[in-house]
2 protein chains.
Amino acid sequence: MVQHLQAHFDAAFAALSDVTRRGVLEQLGRADASITNLAERFEMTLTGMKKHVGVLEQAGLVVTEKVGRVRTCRLGRCRLAEEAAWIERYRRLWEARFDELDTVVEELTRKEKAHGRKRRQ
Amino acid sequence: MVQHLQAHFDAAFAALSDVTRRGVLEQLGRADASITNLAERFEMTLTGMKKHVGVLEQAGLVVTEKVGRVRTCRLGRCRLAEEAAWIERYRRLWEARFDELDTVVEELTRKEKAHGRKRRQ
DNA sequence: TAAATACTGAACCATATGGTTCAGCATCTC
DNA sequence: GAGATGCTGAACCATATGGTTCAGTATTTA
């Protein structure tokens with residue numbers, strides 16, 4: 001279960017680590033699109049775009065459906081909820097860590113003052 | 001400026017896309033650590049761990065300082081604020097997109113009801 | 001000063017990534 | 001049915017990734 005989550009994190013963050021793919025997600029947020037649409041908009045070959053869509057699909061961020069000869073891409077069920085939560089947890093950790101550091105610095109400063117000038121170089 | 005931000009996104013999300021690196025960040029949230037510390041905890045060679053730390057450092061998530069023979073790693077100034085914001089924006093987009101879809105579905109359902117049974121196969 | 005510790009760099013390896021071209025194969029459209 | 005359209009798969013390419021080993025160098029420590 002945990003491994004499963006971790007694998008999902010790997011896939012989702014990796015999917016987001018490319019500027020084209022982030023662009024595709026934003027685009028699909030505005031309207032569904034075919035592979036051709038996306039390839040044109042991002043100025044690359046169909047094959048190249050299909051690979052990006054594949055990565056996004058693998059991560060659950062996009063779903064596609066082929067009807068006739070055109071494959072339509074739309075946003076998938078993955079809403080990045082866990083990913084957002086992970087980052088939020090990290091941010092709290094970060095803050096706690098630096099509050100702690102502030103305390104240490106403050107403590108040192110306090111001691112410095114208490115012990116006076118004799119410590120100065 | 002935008003390119004700069006995009007490059008940062010690339011680096012940050014890529015850094016987060018590995019389970020070991022996410023673990024290192026969580027670890028450093030608890031306490032600073034040397035390369036040796038981290039390598040032991042994550043059961044890999046010093047060289048391997050150093051590469052991971054390098055990636056995290058590149059992304060600004062970690063800073064390191066070598067004093068004597070030990071290099072200490074701690075959390076860097078990057079707090080993933082923009083990344084969190086990006087994801088939140090995406091989530092709102094996602095919801096808007098699906099609300100819209102709901103409206104369409106609702107609309108269809110309404111029409112279906114209005115036009116009655118004659119349409120049914 | 002010798003041995004242990006901590007890191008570093010180069011070299012290597014397998015696999016992944018981000019792209020391309022080219023040759024299909026369906027499916028529309030005329 | 002012929003041609004245009006849209007996608008697909010294989011093959012290729014350069015570079016990156018996630019690891020390793022091995023041979024150092026620098027710094028403690030005994």
Side-chain angles (χ1 to χ4, degrees), chain A residues 3 5-28 31-74 76, chain B residues 3 6-28 31-74 76 83:
Chain A
Q3 285 93 314
L5 225 196
Q6 293 297 347
H8 185 246
F9 276 176
D10 285 11
F13 283 130
L16 294 181
S17 76
D18 180 276
V19 66
T20 301
R21 284 192 297 259
R22 287 193 301 276
V24 167
L25 287 179
E26 301 198 350
Q27 186 53 40
L28 294 181
D32 297 348
S34 69
I35 305 280
T36 299
N37 284 167
L38 295 170
E40 274 167 6
R41 192 173 303 264
F42 293 92
E43 288 170 309
M44 81 173 47
T45 57
L46 277 181
T47 311
M49 181 49 72
K50 213 194 152 230
K51 284 194 187 182
H52 280 305
V53 168
V55 172
L56 290 167
E57 203 166 9
Q58 205 70 14
L61 288 158
V62 161
V63 304
T64 72
E65 187 195 7
K66 188 164 181 176
V67 43
R69 63 186 167 178
V70 14
R71 178 173 297 277
T72 301
C73 311
R74 56 178 60 87
Chain B
Q3 286 93 314
Q6 293 298 346
H8 185 246
F9 276 178
D10 284 11
F13 283 130
L16 294 181
S17 76
D18 181 275
V19 67
T20 301
R21 286 193 295 261
R22 287 193 303 274
V24 167
L25 287 180
E26 300 198 352
Q27 186 54 40
L28 294 181
D32 296 349
S34 68
I35 304 279
T36 299
N37 285 167
L38 295 170
E40 275 167 4
R41 193 173 303 262
F42 293 92
E43 290 171 306
M44 80 174 49
T45 57
L46 276 181
T47 311
M49 181 49 72
K50 211 192 153 233
K51 285 194 186 181
H52 280 305
V53 168
V55 172
L56 289 166
E57 204 167 8
Q58 205 70 12
L61 288 159
V62 160
V63 304
T64 72
E65 187 194 7
K66 188 166 183 174
V67 42
R69 65 186 167 180
V70 12
R71 178 174 298 277
T72 300
C73 310
R74 58 178 59 87
E83 290 73 15

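Just so it is clear: chains get the letters A, B, ... in the order the sequence lines come, proteins before strands, and each one is counted from 1.
Here A:E40 pairs with nothing under the salt bridge (Lys or Arg N to Asp or Glu O under 4.0 Å) rule; sequence neighbours left out.
Sorted by residue number, the members of residues 38-49 of chain A with any non-hydrogen atom under 4.0 Å from DNA chain D read A:L46, A:T47. Within a heavy-atom distance below 4.0 Å of DNA chain D, the residues of residues 55-72 of chain A found are A:K66, A:R69, A:V70, A:R71.
Distance A:R21 CZ to C:dA16 C1': 11 Å, rounded to the nearest Å. The separation between A:D18 atom CG and D:dT17 atom P is 12 Å, rounded to whole Å. One interatomic measurement links the two molecules: CG of A:N37 to C1' of D:dG6, which rounds to 11 Å at whole-angstrom precision.
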Side chain to side chain contact (heavy atoms under 4.5 Å, CB included) between A:L25 and A:V62: does it pass, once the steps are laid out? CA-CA 8 Å; A:L25 287 179; A:V62 161; 3.9 Å; yes
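Each salt bridge (Lys or Arg N to Asp or Glu O under 4.0 Å) pair with one or both residues in residues 9-19 of chain A, not counting sequence neighbours, appears once here: A:D10-B:R22. For residues 56-69 of chain A, the pairs satisfying salt bridge (Lys or Arg N to Asp or Glu O under 4.0 Å) are A:E65-A:R74, with sequence neighbours left out. A side chain to side chain donor-acceptor pair (under 3.5 Å) check over residues 42-54 of chain A, counting only residues at least two apart or in different chains, returns the pairs A:R21-A:H52.
A residue-by-residue look at B:K51 and B:I35 shows that B:I35 has its nearest nucleotide of DNA chain C further toward the 5' end.
Taking only side-chain nitrogens and oxygens, B:H52 comes nearer than 4.0 Å to OP1 or OP2 of D:dG19.
Enclosure of atom CD in A:Q58 is not indicated, since only 12 or fewer non-hydrogen atoms of other residues, nucleotides or ligands lie within 6.0 angstrom.
Checking D:dA11, D:dG19, D:dG9 against every side-chain atom of A:K50, the shortest atom distance belongs to D:dG9.
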